[in-house]
Amino acid sequence: MARQHENHREDVVGRANVEDTPELLAYYDELDQHHVGALWTVANKIEPWQPVSQSVPVVWRYQALRAQVLRSLELVTPEKAGRRVIYLNNPGRRDVSAAVGWLYAGLQVMNPGEIAHSHRHSASAIRFIMEGTGAYTVVDGHKMTLGANDFVLTPNGTWHEHAVAPEGSPCIWQDGLDIPFVNAMEANFFEVHPELSQAVTYPVDDMTKTWGNPGLMPSGGNWTKGYSPMFKYEWLRTYEALNQYASCSDGSPFDGVLMEYVNPATNGPVMRTLGASMQLLRPGEHTQAHRHTGSFLYHVAKGQGHSIINGKRYDWQERDIFCVPSWAWHEHVNASASDDACLFCLSDLPVMRALGLYREQAFGDNGGRQPVVG
Ligand code: 1HN
């Protein structure tokens with residue numbers, strides 16, 4: 001009895017269009033026994049005309065999530081859990097625990113005085129602080145102190161541990177990692193530090209003080225690793241830079257005033273697989289719609305508004321996180337007539353660019369505005 005196979009026929013020249021017959025179905029069954037298949041039964045599916053994202057647009061509302069995240073403080077310890085994290089589970093990507101595309105993200109919470117084991121892995125990460133005081137991260141002996149809207153890199157292969165100083169307050173932050181991507185590449189290793197915790201062997205915040213000065217490089221500074229030596233990017237400097245740029249530029253009609261965080265030694269992305277940017281939307285600004293390849297996870301660092309993604313409206317406010325899947329139309333609106341809004345964005349753009357897969361398109365109709373349904 002021949003198996004039914006999914007038929008993806010298209011009546012277009014150059015595309016597969018073979019009708020099922022009892023003889024062919026029997027043939028497919030025989031092929032299957034040899035662990036092979038006829039390409040024309042799957043060609044149209046595996047070579048779509050344009051990217052087909054499995055991810056769906058989602059807004060994770062902080063107002064709803066915060067209490068759930070805090071509850072985990074009572075339910076598990078970092079010792080038992082490894083990391084006390086509530087992860088963002090995109091309904092289309094549950095199989096790989098991704099927030100969008102090949103990006104993982106979660107909300108991690110820690111009490112003052114807690115320390116999470118030092119470890120390292122092939123995945124790269126950023127930690128973007130949402131609330132609380134006293135958070136710090138140690139990366140390969142460099143300690144970085146962290147406040148709201150600061151973020152720290154924990155690049156692949158680096159020993160890293162997170163903690164909150166005893167005199168601090170409960171801290172919540174967003175983790176963002178390339179785990180699903182590294183797993184898809186079947187290249188992920190994980191190691192726990194033999195001493196569970198590593199020594200701090202450099203002056204506190206030295207990497208940002210050394211490499212984070214606009215327009216200035218340390219004389220003789222030599223950095224050849226594949227990630228930024230500036231392990232921490234601070235919110236105040238970022239916000240100031242955005243305002244400086246906004247004071248003399250209209251920015252982009254699609255992105256507003258957007259700046260990418262860079263590796264100061266190369267001006268390339270902060271890490272090989274993960275890119276980060278902060279964009280400022282001026283009061284009342286409504287960007288034009290466009291789409292591009294790559295997966296994007298936005299974190300509302302400041303303000304409130306909404307985004308229209310594939311023709312549907314998603315409202316957001318400060319601390320909400322939302323995703324824009326690859327090749328989805330999107331435009332952003334700052335709801336305030338008096339205040340700016342700032343969106344932090346984590347993406348896999350460095351992968352798209354490095355592999356020659358980046359592509360973008362403007363929404364041509366209606367002055368770049370999508371028709372909105374719901
Ligand atoms: C990790 O290292 C962290 O360092 C957070 O805080 C989440 C999820 C999977 C694997 C490693 C962290 C993680 C993770």
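Counting starts at 1 for both ligands and their atoms, in listed order. If you're wondering where the values come from, they're calculated on a predicted model, not measured in any experiment.
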In this structure, atom 5 (C) of ligand 1 is nearest to the protein heavy atom Asp175 OD2, 3.3 Å

Whether Arg9 engages the ring of Trp40 as a cation-pi pair (distance to the six-membered ring centre under 6.0 angstrom, angle to the ring normal within 45°) should be assessed. no

Item to complete: Using non-hydrogen atoms of the residue, decide whether His119 is closer than 4.0 angstrom to ligand 1.
Response: yes

- Query: Quick one: does His299's side chain have a donor or acceptor within less than 3.5 Å of a partner on Ala301's backbone?
  - Reply: no

Near His160 (heavy-atom distance under 4.0 Å), the atoms of ligand 1 are 2 (O), 4 (O)

Checking the N or O distance criterion of under 3.5 Å, is ligand 1 in contact with Trp173? no

The protein heavy atom nearest to atom 10 (C) of ligand 1 is Ile179 CD1, 3.5 Å

re atom 12 (C) of ligand 1, the protein heavy-atom contact at minimum distance is Arg83 NE, 2.9 Å

Original post:
Is the NZ or CZ atom of Arg93 both under 6.0 Å from the centre of the six-membered ring of Trp102 and within 45° of that ring's axis?
Top reply: yes

**Request:** Just do the salt bridge (charged side-chain N to carboxylate O under 4.0 Å, His left out) check on Arg319 and Glu131 with the steps written out, would you?
**Result:** CA-CA 9 Å; Arg319 297 289 159 233; Glu131 62 169 89; over 6 Å; no

### Task
For Thr154 and ligand 1, answer yes if some heavy atom of the residue is under 4.0 Å from a ligand atom, otherwise no.
no

Taking every heavy atom of Ala43 against every heavy atom of Ala16, the minimum-distance pair comes out as CB-CB, 4.4 Å

| What do you reckon, does Tyr104 have a nitrogen or oxygen under 3.5 Å from a nitrogen or oxygen of ligand 1? | no

Stepwise, does the salt bridge (charged side-chain N to carboxylate O under 4.0 Å, His left out) test hold for Glu161 with Arg127? CA-CA 11 Å; Glu161 67 209 63; Arg127 177 194 198 193; over 6 Å; no

Contact region, Gln108 to ligand 1, non-hydrogen atoms below 4.0 Å, reads side chain

Ranked by distance from atom 11 (C) of ligand 1, the top protein heavy atom is His121 NE2, 3.5 Å

Would you check if the distance from the ring center of His117 to the ring center of His160 is below 6.0 Å? no

